[in-house]
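Remarks on the structure that follows.
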Amino acid sequence: MSKYEFQTEVSDLLNLMIHSLYSNREIFLRELISNASDALDKFKYLTLTDDKFKSTTFDPKIIIEIDKDKKLLTVSDNGIGMDEEDLIKNLGTIAKSGTKSFLESLKKEQKEGTELIGQFGVGFYSAFMVAKKIEVITKKASEEKAYIWSSTGKSDFSIKEGERESQGTSIILHLKKDAEEFLEEWRIRSIVEKYSNHIQFPIFLKKDDKEEQINKASALWRLNKSEISDEEYKEFYKTISHDNDDPLLYIHTQAEGTLTYTTLFYIPKNPPYDLYRVDYQSGLKLYVKRVFITDDDKELLPTYLRFVRGIVDVEDIPLNVSREILQQNVILSKVKKASVKKILSELKKLKKKDKEKYLEFYKNFGKVLKEGIMSEFDNRDALLDLILFKTTKSGDDLIDFETYKSRMKEDQKEIYYLIGEDENLLKNSPLLEDYKERDIEVILFSDEVDSIVVPQIGSYKETPLVAINHAKIDSDSEEIKKTEEEYKEIILKMKEQLKDQVKDVKVSPRLKSAPSCLIYDKDDPDFAMMEMLKQMGQTNLPEVKPILEINPNHPIFKKIKESQDFVKLQKITPLILDLAKLNEGMKIEDSVEFTKTISELIEESL
Ligand code: ADP
């Protein structure tokens with residue numbers, strides 16, 4: 001017999017689970033059944049594709065056995081089984097990346113434990129909520145030896161050789177005193193009916209050597225829509241997703257004709273823990289004619305829909321295609337295309353029908369959808385229709401492009417927006433003054449990704465999008481030219497003094513009350529964009545200088561023009577730039593100098 005220590009994360013997890021999870025212990029059974037079903041899926045695949053197993057008659061089943069005397073509950077399957085190495089890896093570590101940091105954040109937040117089980121599928125370990133000791137007797141398909149894994153869920157487990165007739169796994173739970181309710185037949189029946197009715201394999205309850213099937217064992221997604229209740233859809237989601245919450249939305253499509261396939265997609269309520277990780281797990285299971293093929297095909301949907309969970313079941317693909325070939329499969333890419341359209345249109349419907357629910361969705365997944373705008377051409381319009389934002393007129397409401405367009409002024413030809421990191425600063429940006437005065441609505445984008453995504457939109461249904469800090473307001477107008485002439489000297493002096501920091505100094509056609517603002521040349525990235533690029537780890541960024549605009553109607557400049565006090569102008573010029581920077585949420589370079597000058601000016605004014 002060999003002894004092994006659990007990986008630290010597993011110990012942490014067991015600890016967390018045993019001490020903080022009491023409300024919903026019954027889900028352990030769902031998790032064990034789900035594992036058994038996966039194991040059956042894998043073995044079934046082998047019997048259909050691997051010559052070694054083609055002659056095997058396979059009668060897949062899951063058996064739950066109650067032993068009241070010994071207080072044992074056993075869940076067995078005749079699936080793929082595990083060898084010694086599998087046992088050490090699968091039931092001793094948490095293979096999934098990101099788990100450690102996730103666990104740490106959980107410990108900090110003291111979140112409800114039930115949520116966590118699902119979020120990273122720690123299924124098996126949940127059995128320690130009800131068992132003081134677990135034994136796993138297992139034999140891997142085509143192997144000679146069977147093994148017994150055993151643990152009390154503290155810090156270690158042991159593995160020794162054992163006996164088992166044929167391939168498969170039995171999980172034997174030595175129930176805790178306070179978990180003896182799970183020896184009651186009715187209890188097991190009701191849990192199975194609730195969570196596992198539509199596992200596609202039969203589940204039997206074994207008592208006194210009699211076996212009775214206790215689930216429907218029909219692949220839920222293959223049933224007629226009219227036969228499936230809302231409740232059944234929801235419970236099925238929990239089984240395949242390990243999420244304990246109801247899904248936000250499900251989309252069931254049964255297509256027949258030139259392309260025959262079934263998809264059952266779920267949009268979760270909560271974001272999966274690995275949503276923003278490069279190595280996120282796919283949430284989709286691919287079946288061919290009801291035979292499970294893989295749950296690791298990230299190509300089934302585009303990455304910007306990576307939060308979608310569910311089933312893709314296709315007909316006309318041979319079962320034994322290799323996974324690599326699968327990636328280029330024409331049928332799958334057609335199913336993908338149709339699925340994307342369907343999901344996006346269902347989301348649009350939701351937005352129309354139930355705005356509150358849509359907002360819940362958007363809060364969690366809006367940013368991810370925006371990624372699609374950069375990669376997706378076919379469904380660009382559909383994606384744009386799903387984007388929400390605040391504007392200068394929306395208050396706390398989120399609106400969409402369609403609403404914006406419907407509210408455009410008669411002679412307005414462009415959609416105006418401003419991007420920044422801080423919503424509050426955005427709202428008060430001096431750049432908006434002119435638009436407010438003209439009663440023109442401006443979109444305020446403040447998601448981190450906006451500075452990358454929004455400039456790429458270009459136009460919405462033929463109306464161009466224009467950033468107001470890049471905008472070419474009619475600066476060539478006669479009036480501006482005249483003012484520029486009047487302020488020529490002031491501008492020249494300021495330009496000379498700030499030449500290392502700004503590209504140009506100009507008279508502003510847009511400012512009303514603020515003294516100054518920063519704008520950017522049409523093709524220059526603005527401050528928000530540069531910040532985003534820096535955060536993304538880009539180095540060697542070009543130095544981009546903004547253009548400083550000054551407000552000729554502001555008393556500061558009026559007075560300077562009158563007094564011709566260029567000594568004073570020299571003193572306040574850096575402040576004028578700093579004020580514009582602060583308004584945009586930028587840092588000022590020399591805050592010592594800034595405070596010094598301000599103090600002096602205050603003193604002078606007293
Ligand atoms: P998950 O199911 O989310 O991967 P678990 O902790 O429940 O996480 O299981 C870990 C792994 O142990 C599974 O991925 C699987 O490889 C293996 N495993 C668990 N139960 C069984 C079983 N009944 N038969 C074969 N392998 C199993």
Side-chain angles (χ1 to χ4, degrees), residues 418 420 425 428-438 467-527 530 543-606:
L418 185 59
L425 276 176
N428 295 304
S429 169
L431 290 165
L432 295 170
E433 292 180 341
D434 172 58
Y435 294 86
K436 279 184 192 153
E437 198 177 270
R438 289 190 283 148
I468 63 167
N469 62 348
H470 281 90
K472 31 148 199 20
I473 281 193
D474 36 322
S475 48
D476 297 333
S477 77
E478 282 309 309
E479 201 191 321
I480 291 290
K481 277 192 186 144
K482 210 175 112 218
T483 324
E484 230 150 35
E485 198 50 41
E486 284 170 32
Y487 283 85
K488 203 168 155 191
E489 208 166 349
I490 292 180
I491 284 178
L492 265 175
K493 291 219 165 356
M494 290 183 78
K495 222 194 265 195
E496 178 54 30
Q497 194 177 338
L498 298 174
K499 67 173 185 292
D500 292 336
Q501 292 158 68
V502 301
K503 212 170 185 173
D504 205 351
V505 179
K506 286 183 168 165
V507 163
S508 179
R510 69 192 96 213
L511 289 173
K512 298 297 163 209
S513 65
S516 58
C517 69
L518 292 175
I519 60 152
Y520 296 84
D521 257 350
K522 198 164 166 289
D523 299 320
D524 279 351
D526 58 20
F527 170 66
M530 293 295 273
E543 206 203 335
V544 179
K545 291 185 195 162
I547 296 167
L548 179 68
E549 282 192 356
I550 59 166
N551 178 359
N553 299 314
H554 195 279
I556 294 181
F557 296 106
K558 281 192 166 156
K559 283 187 179 166
I560 295 278
K561 197 177 75 162
E562 255 161 50
S563 66
Q564 295 284 304
D565 186 349
F566 293 130
V567 180
K568 193 144 230 170
L569 177 66
Q570 189 178 19
K571 184 169 181 172
I572 64 164
T573 291
L575 287 186
I576 302 293
L577 175 63
D578 285 345
L579 291 178
K581 280 186 177 174
L582 287 173
N583 263 329
E584 221 192 316
M586 293 167 78
K587 276 211 199 73
I588 49 180
E589 258 135 61
D590 193 346
S591 54
V592 177
E593 195 56 37
F594 179 80
T595 24
K596 199 175 130 228
T597 321
I598 295 266
S599 315
E600 282 171 19
L601 290 174
I602 293 175
E603 204 188 313
E604 278 167 34
S605 75
L606 293 173

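It should be emphasised that the depicted structure is a prediction, and the values quoted were computed from it without experimental measurement.
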Salt bridge (Lys or Arg N to Asp or Glu O under 4.0 Å) partners for [X], two or more places apart:
X	answer
D521	K503
K545	none
K488	E485

At what distance, to the nearest 0.5 angstrom, does [atom1] of [X] lie from [atom2] of [Y]?
X	Y	atom1	atom2	result
S508	E484	OG	CD	10.0 Å
E549	L511	CD	CG	6.0 Å
M530	D524	CE	CG	9.0 Å
D504	I547	CG	CD1	6.0 Å
E437	L432	CD	CG	13.0 Å
K506	T483	NZ	OG1	14.0 Å

Side chains of [X] and [Y]: does their closest heavy-atom pair fall under 4.5 Å?
X	Y	value
V544	F527	no
K499	K495	no
I550	I491	yes
K512	D434	yes
Q570	K493	no
I572	T597	no
L518	L548	yes

For the residue pair [X] and [Y], what are the closest heavy atoms and their distance?
X	Y	value
F557	I490	O-CD1, 4.2 Å
T573	L569	OG1-O, 2.7 Å
E433	A514	OE2-N, 3.2 Å
P430	S516	CG-O, 4.0 Å
I556	P515	CD1-CB, 4.1 Å
K568	L601	CE-CD2, 4.5 Å

Taken in chain and number order and not counting sequence neighbours, the residues that satisfy side-chain contact (heavy atoms from CB on, under 4.5 Å) with N428 are N424

**Study point:** Donor-acceptor under 3.5 Å (Y487 side chain, V507 main chain)
**Key:** no

Does any N or O in the side chain of R510 come within less than 3.5 Å of the main-chain N or O of C517, such that one atom is a donor and the other an acceptor?
no

Take a 6.0 Å sphere around [atom1] of [X] and say whether it holds more than 12 heavy atoms from other residues, nucleotides or ligands.
X	atom1	answer
K436	NZ	yes
E603	CD	no
K571	NZ	yes

Contact list for residues 551-564, test salt bridge (Lys or Arg N to Asp or Glu O under 4.0 Å), sequence neighbours left out:
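Pairs touching residues 551-564 that pass the test: E486-K561.
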
Would you tabulate the side-chain donor-acceptor contacts of residues 574-588 under 3.5 Å, counting partners in other chains and residues two or more places apart, or write 'none'?
from	atom 1	to	atom 2	distance (Å)
K581	NZ	E589	OE2	3.1
E584	OE1	Y520	OH	3.4
E584	OE2	Y520	OH	3.4

